[in-house]
Amino acid sequence: IDEFDKMKHEHDSLLEAMEQQSVSIAKAGIVANLPARTTVIAAANPIGGHYNKGKTVGENIKMSAPLLSRFDLIFILLDRPDETRDHRLANHVLALHEGNEFTGFEDDEESFDDGEDDLLKKLKRVEKSQNPINPKLLRKYIGYAKKYCPTPTLTEEACDVLQEFYLSLRENQSTDDYTPITTRQLESLIRLAQARARLELRDEVTEQDAEDVVYIMRESLKEAFEDDYACFDFRRTTGMSKNKMKKAFLKMISLKAKKHHMKLFTSTDLRNVAIEAKVDLLELDDIIASLNHEGYLLKKRDGYEFTLV
């Protein structure tokens, strides 16, 4: 599904298909419930054409939390300047317009860091001798894999890897306004691990399959949830972003100032205002510093003076 952010009216219908794996139809006197078991791959553009890291994922693409949580993997594609990647992309686009076939990028061993995982190295490296797989052959291969390897079973080693990663996510999640890590994420890991084994026509999910899936899931979480301190902050998917908290905090201060005819707020007053505005206290210092920089709260000896009344 392309331009996923443009089809807001269909999000509720898609939620049923992704949650219940069925589509309900009630039209022209016909009431039916049709099975809809398929993989959904969607791409959405952020508001304004660029991704704002100060906002949550849901606020950037205007998507509800229930629907966003139905996707197993979320990747944020940022257009960062990179000389090597830009050079390769330009060569590829020019080669297409010259009528030349894509033969793969040259293997540059120096472009791979020693600290990179084996899976990332394999995904980056493309041999020049490799030809793209014919779509018809790929479709037949996928159909064969689904028919003869429908549900690969998990080995004990694979279960240990998935369980350890799931428990680590449960330990790292926040204690207040967050998107909880539930068994839905564990089921996502199992589905991805089974798909990884099915891709190689195997009936068992090995430990390596589980480790590859954990690596992919960790990269997805890193892009969508990692904060400035390289820790997973699960409030970054939905809930209240820092910008939204700052607006709510500023609005509450303005109401307090008008109601009680006060301009000077002590640290205790600001903390009470933050609690009343349902602002995360861990972000309070950053919000106060931002408002001080913008001129709304001027730091005085006895506290902060509010300048917008």
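These numbers come from the heavy atoms of this one structure, side chains and all, not from hydrogens, waters or symmetry mates.
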To the nearest 0.5 Å, atom CG of Leu264 lies from atom CG of Leu297 at 10.5 Å
Checklist entry - Going by heavy atoms in the side chains, are Arg85 and Arg88 under 4.5 Å from each other? => result no
> With no hydrogens and no angle check, is any side-chain donor or acceptor of Ser22 less than 3.5 Å from a backbone partner on Leu34?
Replying inline: no
Minimal heavy-atom distance between Asp203 and Tyr148, with the atoms involved, is OD1-O, 4.0 Å
| query | Is a side-chain donor or acceptor of Tyr141 paired with a backbone partner of Leu199 at a separation under 3.5 angstrom? | reply | yes
Nearest heavy-atom approach of Ala44 to Phe4 is CB-CB, 4.0 Å
Taking atom NE2 as the centre, does His9 end up with more than 12 heavy-atom neighbours from other residues, nucleotides or ligands that are less than 6.0 angstrom away? no
>> Apply side chain to side chain donor-acceptor pair (under 3.5 Å) to residues Arg271 and Thr268 and explain how you reach the verdict.
In response: CA-CA 5 Å; Arg271 183 181 178 86; Thr268 304; over 6 Å; no
Nearest heavy-atom approach of Ala158 to Val205 is CB-O, 3.5 Å
| request: Apply side-chain contact (heavy atoms from CB on, under 4.5 Å) to the pair Ser290 and Tyr296, showing each step before the final yes or no. | output: CA-CA 9 Å; Ser290 177; Tyr296 293 110; over 6 Å; no
Verdict with reasoning, Arg70 to Arg184, per side-chain contact (heavy atoms from CB on, under 4.5 Å) = CA-CA 8 Å; Arg70 294 305 185 277; Arg184 182 175 294 156; 2.9 Å; yes
| said: Would you say that more than 12 heavy atoms from the other residues, nucleotides or ligands in this model lie under 6.0 Å from the CD of Gln21, or not? | reply: yes
Pair Glu16-Ser24, side-chain donor/acceptor within less than 3.5 Å: yes
Do Leu14 and Ile1 have side chains that approach each other closer than 4.5 Å (heavy atoms only, starting at C-beta)? yes
- Query: If you draw a 6.0 Å radius around CD in Glu157, do more than 12 non-hydrogen atoms from other residues or ligands fall strictly inside?
  - Reply: yes
(message) Are more than 12 heavy atoms, taken from residues, nucleotides or ligands other than Ile133, located less than 6.0 Å from that residue's CD1 atom?
(response) no
Do Asn272 and Glu276 have a side chain donor and acceptor closer than 3.5 Å? no
